[in-house]
Amino acid sequence: MRLILEGSGASRGMALGRARLEQPSRFLVDNTPLAQADVAAELVRIDNALALARAELKGLRDKLSGPLAREVAEFIDAHGLILADPEFVNGLHNLIKDGRFRASAALKMQRDSLVAVFEAMDDPYLRSRREDIEHVIGRVQGALSRESSVEERKLASRVGEILVSDTVAPAELVPLAEHGVLGFILTGGSTLSHSAILARSLRLPMVVGSHQALAHLRDGDLVLIDGDSGNVIAHPTAQDLASYRQWQRDVAQQDKRRARLRDAETRTLDGIEIHLHANAEMAADVARARSFGAAGIGLFRTEFLFLQRRDAPGEEEQFLAYRDLVLGMGGLPVTIRTLDLGADKADSAGLVLEDEPNPALGVRGVRLSLRNPQLMRTQLRAILRTTGYGPVRILVPMVSAVEEVITIRRMVDECATQLRKEGQQIAEHFELGAMIEVPAAAIALTSMIRQLDFVAIGTNDLVQYTLAVDRNNNELGELYDPLHPAVLRLIAHTIAVCRRNRRPVTLCGEIAGDVYFTAMLIGLGLTEFSMHPGLILEVREVVNALHAGELRKIAPRLLRATDRAGIDAVMHRMRARMSAIVENAVAAPPIDC
Ligand code: PEP
Ligand code: MG
């Protein structure tokens with residue numbers, strides 16, 4: 001029966017697929033002992049489920065393509081080996097035959113003992129591979145509990161999978177996308193998490209905070225997810241499917257209309273040029289940035305090179321990745337951010353401190369790099385070596401004190417001297433910038449600005465740290481407010497200090513690509529934005545309908561407003577001119593509750 005589950009939209013768009021539940025921590029286990037007469041049937045059930053899981057893995061492997069195919073194939077093979085391991089399979093059989101456990105209970109017992117073995121390992125990489133066990137057993141468990149109508153199964157077999165889980169780590173997203181996952185329904189998560197950012201980058205719809213999803217969905221259920229409204233429909237009706245098809249047609253039309261803007265300028269009605277750069281997390285973003293007419297890469301998040309691997313990448317590997325990025329942008333400016341590991345971007349290479357009591361306030365970003373000078377030098381050398389291939393800027397995350405910038409500047413200079421001695425062709429001068437994402441850095445910017453060539457405002461973290469609201473905690477969603485008067489003042493102050501000191505300033509948090517905020521940011525004097533490549537045309541369309549002079553006149557009222565109602569009223573005035581465009585934009589049709 002049709003069922004609607006509510007959540008929050010974290011990555012836009014719709015997807016139709018069959019649910020794949022990943023609920024390692026809440027196995028639905030039937031613990032009632034088996035009667036002797038049922039043992040044979042239960043053995044057949046577990047064997048069928050194992051066979052189905054193996055067939056699914058083979059199907060996924062056959063579908064692999066793209067640059068990560070080899071790596072992902074290794075994952076799949078590792079999972080296949082677990083399923084074929086005689087010790088594992090015999091263990092299940094023995095539990096059913098001798099222990100009279102039902103298949104689901106036997107599976108859970110096998111999982112618990114295997115996970116315990118992995119958790120006892122000293123090597124952090126091997127320890128983290130317990131996830132493989134969870135994935136494999138989750139797949140067999142799913143196969144065991146499959147229950148849907150024949151028609152639905154037929155339709156579901158033709159569409160890909162939608163992952164239903166408590167959370168998903170940023171490092172898991174790319175392999176999952178390569179496995180053919182079409183979208184995500186998470187019971188936890190948040191719209192600002194790095195997983196959500198990556199899902200947007202991969203253009204995979206994601207719904208977070210869908211608390212009831214694991215309890216109400218079953219493996220194989222046909223689900224329609226709406227990453228705009230945050231709603232999920234299980235067992236959609238013919239009417240739901242028709243509105244999904246209509247949405248697909250509307251998106252295609254809209255893409256066609258916006259495609260005309262690819263080579264257009266981004267200029268307000270009164271002639272102010274606005275530069276729209278792209279945020280990039282992976283190589284594929286470069287092609288997207290070019291195809292959407294980005295002015296450059298405004299933020300390359302290098303930490304994604306460090307995730308889901310055993311060792312940190314060496315200088316040569318990093319150099320090749322950054323060089324391809326720079327070459328791919330064909331002479332347009334590229335801003336490479338040094339490592340921002342920590343908080344929700346944990347790693348497998350053992351760089352992040354384990355069990356920090358408060359990781360978001362802990363050894364993250366530049367703090368981690370300064371504790372590992374060799375790691376930092378390797379990365380700086382790799383970045384500096386690309387400066388001979390195109391305009392490259394170096395951006396430092398999580399800066400809270402001017403001393404950090406001074407130390408990094410010194411390291412950059414030392415690395416440059418060394419590289420020149422080695423005969424490497426590198427640029428004469430390097431631009432070094434800081435992310436302004438810690439309130440202290442924004443407040444004390446005047447004392448830091450002389451050390452900086454440019455500034456990037458990271459509102460994702462600036463909001464989190466100013467308001468003391470965890471960006472990864474969806475329960476606090478309402479409190480996470482980029483329009484809070486304190487946040488607005490910090491953004492306005494940062495832009496004003498940069499303009500006064502003639503330093504370029506970009507804003508690269510998620511609000512840069514959200515047309516709700518475009519007029520406000522232009523009103524505050526921002527002319528450089530960096531966003532997901534897929535949002536550039538939408539923002540360009542809006543910018544071209546705005547009058548910067550008018551907005552700048554209204555902006556002081558925004559800063560004088562003392563509460564949200566006052567701010568909303570000014571926002572309303574600022575957005576009036578562009579509202580027709582925004583309202584015409586295709587959002588997923590609201591799912592009718
Ligand atoms: C930010 O904090 O706004 C930002 C762009 O950095 P990240 O989202 O990677 O923390
Ligand atoms: Mg940040």
Side-chain angles (χ1 to χ4, degrees), residues 279-283 285-286 296-342 345 347-352 363-399 401-435 451-456 508:
N279 289 352
E281 281 86 44
M282 59 190 79
D285 289 325
V286 175
I297 297 290
L299 169 67
F300 182 64
R301 291 179 162 104
T302 56
E303 51 280 5
F304 289 99
L305 291 175
F306 288 68
L307 299 176
Q308 194 78 10
R309 53 184 299 150
R310 202 186 162 122
D311 306 304
E315 179 182 321
E316 197 58 23
E317 185 181 341
Q318 289 189 58
F319 162 67
L320 292 175
Y322 307 150
R323 186 203 59 187
D324 289 353
L325 172 75
V326 175
L327 288 177
M329 288 310 289
L332 295 172
V334 171
T335 303
I336 302 179
R337 182 171 76 182
T338 60
L339 204 52
D340 188 19
L341 281 178
K345 284 176 287 190
D347 70 325
S348 331
L351 297 169
V352 171
V363 183
R364 184 193 156 179
V366 69
R367 303 170 184 180
L368 184 96
S369 301
L370 290 176
R371 281 177 169 231
N372 294 276
Q374 202 39 50
L375 182 80
M376 185 66 176
R377 279 197 194 96
T378 304
Q379 182 167 44
L380 289 174
R381 281 176 57 92
I383 300 175
L384 287 170
R385 283 172 60 192
T386 66
T387 58
Y389 294 84
V392 174
R393 310 194 298 181
I394 304 171
L395 177 62
V396 186
M398 276 295 286
V399 167
V402 68
E403 289 78 8
E404 289 162 338
V405 180
I406 293 170
T407 310
I408 299 286
R409 167 87 66 188
R410 200 169 46 235
M411 287 172 99
V412 171
D413 290 342
E414 283 163 12
C415 290
T417 311
Q418 208 175 33
L419 284 167
R420 287 197 186 100
K421 267 198 208 140
E422 291 166 21
Q424 302 271 4
Q425 301 290 324
I426 58 170
E428 274 295 301
H429 174 73
F430 320 104
E431 292 192 16
L432 184 70
M435 293 278 296
Q451 302 295 333
L452 298 169
D453 297 308
F454 70 98
V455 159
C508 56

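Model, not experiment: these values are computed from the prediction.
Contact record, S369 with M376: CB-SD, 3.3 Å, taken as the closest heavy-atom pair. For the residue pair A434 and V399, the shortest heavy atom distance occurs at CB-CG2, 3.9 Å. Between A382 and E315, the shortest heavy-atom distance links the atoms CB-O, 3.6 Å. Scanning both residues, P397 and M435, for their nearest heavy atoms gives CA-CG, 3.6 Å. The two residues C508 and L299 make their nearest non-hydrogen contact at SG-CD2, 4.0 Å. Minimum interatomic distance between L380 and C415 (heavy atoms only, all atoms of both residues): CB-SG, 4.1 Å.
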For F306 and Q318: C-alpha separation, side-chain torsions, deciding distance, then whether side-chain contact (heavy atoms from CB on, under 4.5 Å) applies. CA-CA 10 Å; F306 288 68; Q318 289 189 58; 3.6 Å; yes
Residues I383, V412; criterion side-chain contact (heavy atoms from CB on, under 4.5 Å); working and verdict: CA-CA 10 Å; I383 300 175; V412 171; over 6 Å; no
If you apply the rule side-chain contact (heavy atoms from CB on, under 4.5 Å), what do you find for L339 with L375, and how did you get there? CA-CA 9 Å; L339 204 52; L375 182 80; 3.5 Å; yes
The test is side-chain contact (heavy atoms from CB on, under 4.5 Å); show your working for V392 and L384 and say whether it passes. CA-CA 8 Å; V392 174; L384 287 170; over 6 Å; no
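Ion pairing between R409 and D453 holds under the 4.0 Å rule for side-chain N and carboxylate O. Ion pairing between a basic and an acidic side chain is recognised when a charged N comes within 4.0 Å of a carboxylate O; E422 and R385 show no such pairing. A salt bridge links R364 to D340: one of the charged nitrogens lies within less than 4.0 Å of a carboxylate oxygen.
For the residue pair R337 and T302, no side-chain donor N or O sits within less than 3.5 Å of a side-chain acceptor on the partner. Between the side chains of Q425 and R420, no donor N or O sits under 3.5 Å from an acceptor N or O. Looking only at atom types and distance, the side chain of Q379 has a donor-acceptor partner in the side chain of Y322 under 3.5 Å away.
With rounding to the nearest 0.5 Å, the separation of OG1 in T378 from CD in E316 is 12.0 Å. Put simply, CG on D311 and CD on E317 are 9.5 Å apart, with the number rounded to the nearest 0.5 Å. For the atom pair I426 CD1 and R381 CZ, the distance stands at 9.0 Å (nearest 0.5 Å). We find the CG-CG distance between L395 and L452 to be 10.0 Å, quoted to the nearest 0.5 Å. Separating the CE atom in M398 from the CG atom in L341 is a distance of 12.5 Å, to the nearest 0.5 Å. Residue E303 holds its CD atom at 10.5 Å from CG of L368, rounded to the nearest 0.5 Å.
Here the side chains of F454 and L432 are not in contact, with every heavy-atom distance at 4.5 Å or above. At least one side-chain heavy atom of T407 sits less than 4.5 Å from a side-chain heavy atom of R410. Counting heavy atoms from C-beta on, the side chains of T387 and R393 never come closer than 4.5 Å. Residues I336 and I394 have side chains not in contact (no heavy-atom distance under 4.5 Å, counting atoms from C-beta outward). At a threshold of 4.5 Å between non-hydrogen side-chain atoms, the residues L325 and V334 count as touching. V396 has its side chain out of reach of V405: every pair of non-hydrogen atoms, C-beta onward, lies at least 4.5 Å apart. With contacts defined as side-chain heavy-atom distances shorter than 4.5 Å, the pair Q418/Q424 does not qualify.
E404 places a side-chain N or O within donor-acceptor distance of the main-chain N or O of A401, the cut-off being under 3.5 Å.
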